[in-house]
Amino acid sequence: MLDIHLLRTDLIKVLNGLSSRGFQPTEDLKKLMEERGSIRINTQKLEETRNKTAHNVGRLRSAGYDMSDKEIISLLDQTKKIPKQLKDAKKKLGNIENKLNQLLDVIPNLPHDTVPKDGKNKEVRHWGTEKTSGSFSFPVKDHVTIGEGLGLLDFRTATKLSGARFSLMVGELARLHRALAQFMLDTHTQEHGYTETYVPYLVNAESLHGTGQLPKFEEDLFKIPRKKCESEESKTDKGLQEENWYLIPTSEVPLTNCARNEIVSLESLPIKLTTLTPCFRSEAGSYGKDTRGLVRQHQFEKVELVQLVHPLKSYEALEQLVGHAEKILQKLELPYRVMLLHTGDMGFSATMTYDIEVWLPAQNTYREVSSCSNCEAFQARRMKARFRNEKGKPELLHTLNGSGLAVGRCLIAILENYQNADGSVSIPEVLRPYMGGIDRLKHREK
RNA sequence: GGAGAGAUGGCCGAGUGGUCGAAGGCGCUCCCCUGCUAAGGGAGUAUAGGCGCAAAACGCUUAUCGAGGGUUCGAAUCCCUCUCUCUCCGCCA
């Protein structure tokens with residue numbers, strides 16, 4: 001959510017910033033805000049009158065007056081009609097505030113000034129040397145051919161179990177997948193100072209609202225209805241409306257929401273959290289896209305990095321966070337590049353995003369394995385995540401998140417980059433301790 | 001799933017219709033006193049909005065006692081619904 005003060009004082013700047021990422025507000029924000037202002041003043045005036053009279057009645061009562069004394073009766077005469085007026089005013093105010101909030105809820109964050117606006121992502125740096133088909137002494141295979149060839153990857157069975165966009169890994173490949181995740185977690189906790197966390201995979205709507213997935217992107221999520229009451233008839237009240245759980249699309253949601261409605265101490269900053277979780281995405285609207293292999297799945301594992309930091313430190317923290325994610329690829333000796341996303345490619349909540357893309361020789365291209373964003377106070381404002389600043393006053397935190405990394409896609413990169421002529425796959429040095437010392441994936445003996 | 005108890009400020013805890021944004025204590029901040037320390041005395045100590053002021057300080061004002069609704073001139077207090085926590089029983093990885 002954007003700062004409403006900024007909207008009021010510098011609407012032009014906000015609209016310019018938003019248009020660079022292709023967002024046009026559908027309603028006249030300014031008019032709505034003004035309307036709200038005048039209705040609110042009216043409402044508060046009524047409340048003030050009500051409070052004053054009630055106060056005076058109370059004073060007379062404790063001074064010994066009776067409810068039937070004419071002093072009290074005259075006060076009551078003045079004020080009898082206020083509750084009705086107030087009720088109407090509050091209803092009106094509620095309506096307009098809902099409308100305004102609905103509007104504010106779907107406005108994306110403003111890009112940082114340095115983010116490219118030309119519609120092109122900018123390569124910031126790259127690491128390692130790409131192995132093209134020419135670098136191999138044999139025809140390069142893609143990860144599906146490799147995995148299935150070794151008898152370690154089984155999409156047919158996965159489809160039987162669940163349908164399209166699910167996968168089944170068997171034997172040493174499943175183990176390598178687990179090893180990879182463990183390795184990532186160990187690196188971030190032992191070398192980068194993150195606190196390991198175990199989080200819920202089902203979260204409520206409020207959490208998803210906090211990080212920005214709701215209300216705008218509900219169709220991307222898997223929703224789990226929660227039974228709230230037995231009888232249909234008693235569902236009339238607002239409080240009884242259905243409440244859902246959602247499968248997390250990323251552990252950014254539970255990790256960042258840890259700070260929701262909290263005021264943390266200055267000394268506790270920066271808060272650095274990491275966790276390994278499955279992520280669930282409906283992939284609505286991506287029909288026909290990446291249908292082959294492990295690239296785009298309804299369920300995948302990801303190690304997430306989240307930082308909650310002092311507002312003055314958030315860009316510094318973003319650079320560090322990207323570095324933490326890069327370190328994993330370096331240790332795995334996988335070539336990659338870091339891209340600074342342009343305004344149109346950034347996620348809803350971000351002011352600046354770096355994607356890390358790993359080299360996939362079979363596709364002869366780079367593929368995203370991490371997306372690292374600074375959200376500044378955008379999420380913090382939605383979720384009231386604050387810290388007590390140097391003056392002892394509560395102030396919004398800045399939140400950052402990034403994958404460190406997407407496990408499945410990383411596994412693809414290992415399979416393709418480490419493939420051998422005989423169809424086996426070498427295991428990266430750093431993962432061997434996690435693999436009981438074996439150095440390659442071989443064909444599975446039944 | 002059944003039965004019961006509860007949710008108040010940073011924390012503990014009082015408050016069952018009226019000068020209650022909320023006693024008291026602890027903690028914290030500032031000041032005073034004591035040549036150090038201990039003890040003591042005084043003042044202050046929520047958050048988010050709106051209005052005023054060029055602005056800060058400040059002043060006025062509104063909301064907030066788990067959440068939402070209701071009753072009332074007036075609700076922390078009464079009524080309804082929900083959420084969460086705790087205890088006991090049952091079931092269970």
Side-chain angles (χ1 to χ4, degrees), chain A residues 1-9 32-98 100-101 104 198 200-207 209 225-245 257 259-268 377 380-397:
Chain A
M1 196 152 72
L2 296 176
D3 186 356
I4 191 134
H5 289 106
L6 187 65
L7 281 167
R8 284 181 7 181
T9 53
L32 216 49
M33 283 189 292
E34 280 165 3
E35 213 174 323
R36 182 187 67 149
S38 67
I39 294 174
R40 185 158 58 188
I41 286 169
N42 178 38
T43 309
Q44 292 188 354
K45 282 250 162 67
L46 283 169
E47 284 172 333
E48 187 177 345
T49 319
R50 176 202 64 189
N51 289 349
K52 285 213 167 114
T53 326
H55 204 71
N56 287 335
V57 174
R59 185 187 269 166
L60 290 174
R61 290 279 287 153
S62 50
Y65 284 80
D66 193 83
M67 285 308 281
S68 56
D69 286 342
K70 69 175 193 301
E71 286 83 356
I72 288 188
I73 288 184
S74 83
L75 277 175
L76 294 189
D77 281 346
Q78 293 168 36
T79 185
K80 275 269 200 243
K81 58 183 183 302
I82 287 191
K84 169 88 173 66
Q85 291 175 344
L86 196 53
K87 202 170 173 178
D88 292 344
K90 277 187 172 168
K91 195 173 170 187
K92 230 161 117 185
L93 185 61
N95 285 341
I96 198 154
E97 284 191 330
N98 282 342
L100 193 61
N101 284 336
L104 290 174
Y198 174 82
Y201 303 159
L202 292 171
V203 294
N204 56 31
E206 215 179 327
S207 294
H209 177 264
R226 260 179 103 174
K227 203 172 74 172
K228 297 285 277 195
C229 54
E230 287 80 14
S231 64
E232 289 292 318
E233 293 75 41
S234 62
K235 279 188 183 173
T236 44
D237 280 326
K238 252 193 176 172
L240 283 175
Q241 277 176 1
E242 64 172 327
E243 177 166 325
N244 300 298
W245 272 324
N257 273 281
R260 174 153 52 87
N261 293 327
E262 301 292 333
I263 302 175
V264 301
S265 71
L266 187 61
E267 302 80 55
S268 66
R381 190 173 294 112
R382 289 178 156 243
M383 61 174 83
K384 290 194 185 67
R386 296 172 293 177
F387 71 103
R388 213 164 275 285
N389 68 16
E390 293 79 352
K391 289 179 186 159
K393 291 290 163 199
E395 184 179 337
L396 293 171
L397 286 161

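What you see below is based on every heavy atom in this structure, not just the backbone, and it leaves out hydrogens, waters and symmetry mates. First the proteins, then the strands, lettered A, B, ... as listed; each starts at 1.
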Item checked: Whole-Å C1' distance, B/A23 and B/C80 -> 31 Å

Notebook entry, point to check: Expressed in whole Å, how much space separates the C1' atoms belonging to B/C92 and B/G25?
Noted result: 45 Å

Notebook entry, point to check: Base, sugar-phosphate alone, or nothing: which one does A/Lys87 contact when heavy atoms must sit under 4.0 Å apart?
Noted result: sugar-phosphate

Check: When you compare B/G42 with B/A46, how far apart are their C1' atoms, in angstrom units rounded to a whole number?
Finding: 23 Å

Item checked: Nearest-angstrom distance from the residue atom CG of A/Leu76 to P of B/U72 -> 13 Å

Notebook entry, point to check: Between B/U81 and B/G4, how far is it from one P atom to the other, in whole Å?
Noted result: 14 Å

Check: Counting just side-chain N and O atoms, does A/Asn51 come under 4.0 Å of either OP1 or OP2 of B/A63?
Finding: yes

Check: Between atom CZ in A/Arg382 and atom P in B/A48, what is the gap in whole Å?
Finding: 20 Å

Note to self: Taking 4.0 Å as the cut-off, does a side-chain nitrogen or oxygen of A/Lys81 come that near to OP1 or OP2 on B/C73?
What the structure shows: no

Margin query: I need the CD-C1' distance between A/Gln44 and B/A48, as an integer number of Å.
Written below: 11 Å

Next item on the list: Under a 3.5 Å limit for both distances, which nucleotide forms a Watson-Crick or G-U wobble pair with B/G18, could you say?
Entry: B/C73

Margin query: Once you apply a heavy-atom cut-off of 4.0 Å, does A/Arg8 come out as touching a base, just sugar-phosphate, or nothing?
Written below: sugar-phosphate

Next item on the list: Write down the distance between CD1 (A/Ile72) and P (B/U72), rounded to a whole number of angstrom.
Entry: 18 Å

Check: Atom CD of A/Glu47 and atom P of B/G50: how far apart are they, to the nearest Å?
Finding: 15 Å

Next item on the list: Would you classify A/Arg386 as touching base, sugar-phosphate or nothing, given that sugar-phosphate means primed atoms plus P, OP1 and OP2, and contacts are heavy atoms under 4.0 Å?
Entry: sugar-phosphate

Margin query: Distance check, P atoms only: B/G44 and B/C86, in whole angstrom units.
Written below: 39 Å

Note to self: Less than 3.5 Å apart, any donor N or O on the side chain of A/Asp77 or A/Ser74 sitting next to an acceptor on the other?
What the structure shows: no

Next item on the list: Determine the contact category for A/Asp77: base if any of its heavy atoms lies under 4.0 Å from a base atom, sugar-phosphate if only primed atoms, P, OP1 or OP2 are that close, otherwise nothing.
Entry: nothing

Checklist line | B/U83 pairs with, by Watson-Crick or G-U criteria that keep both distances under 3.5 Å | finding: B/A7

Next item on the list: Indicate, with a heavy-atom threshold strictly under 4.0 Å, whether A/Arg40 touches base, sugar-phosphate, or nothing.
Entry: sugar-phosphate

